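This report refers to the structure that appears directly beneath it.
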Amino acid sequence: MTSPCSLFLKQLEGLTYHESLPLAPYTTFKIGGPADVVVFAHNEADVLQVLKAAYQTQTPLFVLGGGSNLLISDAGLRGCVLMLGGLLAEIKVDDSGQEILVGAGASFPKLTNTALKLGWKNALGFCGTPGHVGGAIKMNAGTRLGEIGEVVQEVYAATLDGLKVFQKHELQFSYRQTVFPAHTVITKTRLRCHDASHLHAAEFLKNAEELAKKRKATQPKLRSAGSMFKNPLPQFAGRLIEATGLKGTKVGDAEVSTTHANFIVNLKHATAQDVFALSQIVRQEVYKKFNILLEYEVKLVGSFINDKNEKL
Ligand code: EPU
């Protein structure tokens with residue numbers, strides 16, 4: 001049988017790829033079907049090659065980072081899934097300790113730890129956030145105390161016209177959101193903290209540890225994708241969902257966490273459809289009670305079936 005991506009694969013030179021690779025192991029939910037093709041890129045030239053080949057052969061392209069904020073459907077993803085590693089997972093600190101050049105495939109918690117050790121106060125704002133740097137930039141990841149956008153200076157990306165540098169102001173950082181043009185893959189970012197000081201490193205690392213402890217006590221240990229919905233500020237999704245009486249509600253093996261209502265957890269063998277159906281119940285019930293339609297924070301990819309039995 002010929003691969004659904006054979007034209008695309010013909011255009012790849014010297015890149016490692018796998019066909020029909022299950023994606024569940026690459027997500028924190030441990031849920032998700034296979035991708036037609038998964039390609040591993042180690043440098044910017046690899047990313048450019050994949051981006052152009054996908055565009056020319058009209059192959060859908062999805063960049064998978066830490067898989068921490070993601071619900072991939074049970075049927076998986078058609079087209080190519082791109083994962084970044086090698087040079088694109090490096091973290092380089094400049095001599096002043098005020099700048100970090102980091103690859104999009106680097107671990108975000110590892111970056112946060114590096115920044116805390118350099119005495120970057122802003123890192124306290126986004127510590128505890130999982131995933132990879134590319135995803136963190138794309139969704140301006142963070143907590144109530146701060147977000148990555150505060151220290152972004154510029155973002156490097158592969159585009160159909162070659163490599164491009166975006167200045168921070170071009171990307172419109174806002175609550176869990178940025179604006180990037182289509183057909184753009186983030187490859188690296190330069191971060192800057194003007195008032196970094198090694199003198200504060202020990203204090204910041206201790207604060208971060210305390211925050212992590214607090215979070216451990218208030219967030220579930222079971223497999224999840226983190227907060228399911230954005231906070232409809234000034235309200236909190238967790239509070240609204242709890243007030244609707246939904247904690248502990250289940251569909252299949254998916255459950256509204258009894259620890260934190262804004263988390264849906266995978267008890268053991270939950271399917272993506274279980275999680276999706278449960279999330280729809282949460283949205284409907286919160287809407288009925290509070291007239292607030294919760295917006296997903298978790299990114300849903302692939303196809304799902306809604307309560308009217310329609311394929312989305
Ligand atoms: N609450 C409830 N019931 C619950 C859960 C929470 O009433 O079951 C109330 C809490 O008492 C609190 C409010 O809701 O008054 C907010 O809860 P919490 O302090 O746990 O923080 P959060 O807003 O739910 C945010 C981020 C988390 C991050 C924490 C800690 C969002 C959507 N979520 O959660 O980020 O870890 O703050 O900084 O902004 C993530 O993005 O995946 C994530 C886990």
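We count residues from 1, following the sequence as given. Both ligands and their constituent atoms are indexed starting at 1 by order of listing. The figures here come from the full heavy-atom set of this structure, side chains too, leaving out hydrogens, waters and symmetry mates. Just so it is clear, the structure is predicted and the values come from calculations on it, not from any experiment.
Linking Ile, Leu, Val, Met, Phe, Trp and Tyr whenever their side-chain heavy atoms come within less than 4.5 Å puts Ile148 and Val93 in one cluster.
With respect to the salt-bridge test (charged N to carboxylate O, under 4.0 angstrom), the residues Lys288 and Glu285 qualify. Ion pairing between Glu90 and Lys92 holds under the 4.0 Å rule for side-chain N and carboxylate O. At a threshold of 4.0 Å, the pair Glu99-Arg190 counts as salt-bridged, since one of the basic side-chain nitrogens sits closer than that to a carboxylate oxygen. Between Glu210 and Lys206, at least one side-chain N (NZ, or NE/NH1/NH2) sits under 4.0 Å from a carboxylate O, which counts as a salt bridge. The pair Asp253-Lys268 does not meet the salt-bridge criterion, since no charged nitrogen lies less than 4.0 angstrom from a carboxylate oxygen.
In terms of protein heavy-atom proximity, atom 14 (O) of ligand 1 is nearest to Phe236 CB, 3.6 Å. When only non-hydrogen protein atoms are considered, atom 41 (O) of ligand 1 lies nearest to Glu297 OE2, 2.8 Å. Among all non-hydrogen protein atoms, the one lying nearest atom 38 (O) of ligand 1 is Thr143 CB, 3.2 Å. Closest to atom 25 (C) of ligand 1, if we only count protein heavy atoms, is Asn231 ND2, 4.4 Å. Taking atom 3 (N) of ligand 1 as the reference point, the nearest protein heavy-atom neighbour is Glu242 OE1, 2.6 Å. Nearest protein heavy-atom neighbour of atom 30 (C) of ligand 1: Arg215 NE, 3.6 Å.
Of the candidates Met139, Arg144, Gln219, it is Gln219 that places a heavy atom closest to atom 29 (C) of ligand 1. The heavy atom nearest to atom 17 (O) of ligand 1, out of those in Arg239, His260, Lys230, is found in His260. By heavy-atom distance, the residue among Ser227, Gly128, Ser257, Ala261 lying nearest atom 34 (O) of ligand 1 is Ser227.
The Gly226 neighbourhood of ligand 1 comprises atoms 42 (O), with distances under 4.0 Å to a heavy atom of that residue. Here is the list of ligand 1 atoms found below 4.0 Å of a heavy atom in Phe263: 44 (C).
Sequence neighbours left out, the pairs with a member in residues 13-37 that pass ring-ring contact (aromatic ring centres under 6.0 Å, His included) are His18-Phe40.
For atom 7 (O) of ligand 1, a protein non-hydrogen atom is found at a distance below 4.0 Å.
Contact annotation for Phe229 and ligand 1: only backbone heavy atoms (N, CA, C, O) come within less than 4.0 Å of the ligand. The side chain of Tyr175, and not its backbone, has at least one atom closer than 4.0 Å to an atom of ligand 1 (non-hydrogen atoms only; side chain from C-beta on).
Using the six-membered ring where Trp is involved, Phe166 and Phe180 have ring planes that are perpendicular, over 60° apart on the 30 and 60° scheme.
Under the rule for a salt bridge (Lys or Arg N to Asp or Glu O under 4.0 Å), Lys299 has no partner lying at least two apart in sequence or in another chain.
Asp307 and Gln280 form no side-chain donor-acceptor contact under 3.5 Å, judged by distance and modelled atom types alone.
An N or O contact shorter than 3.5 Å links Lys247 to ligand 1 by distance.
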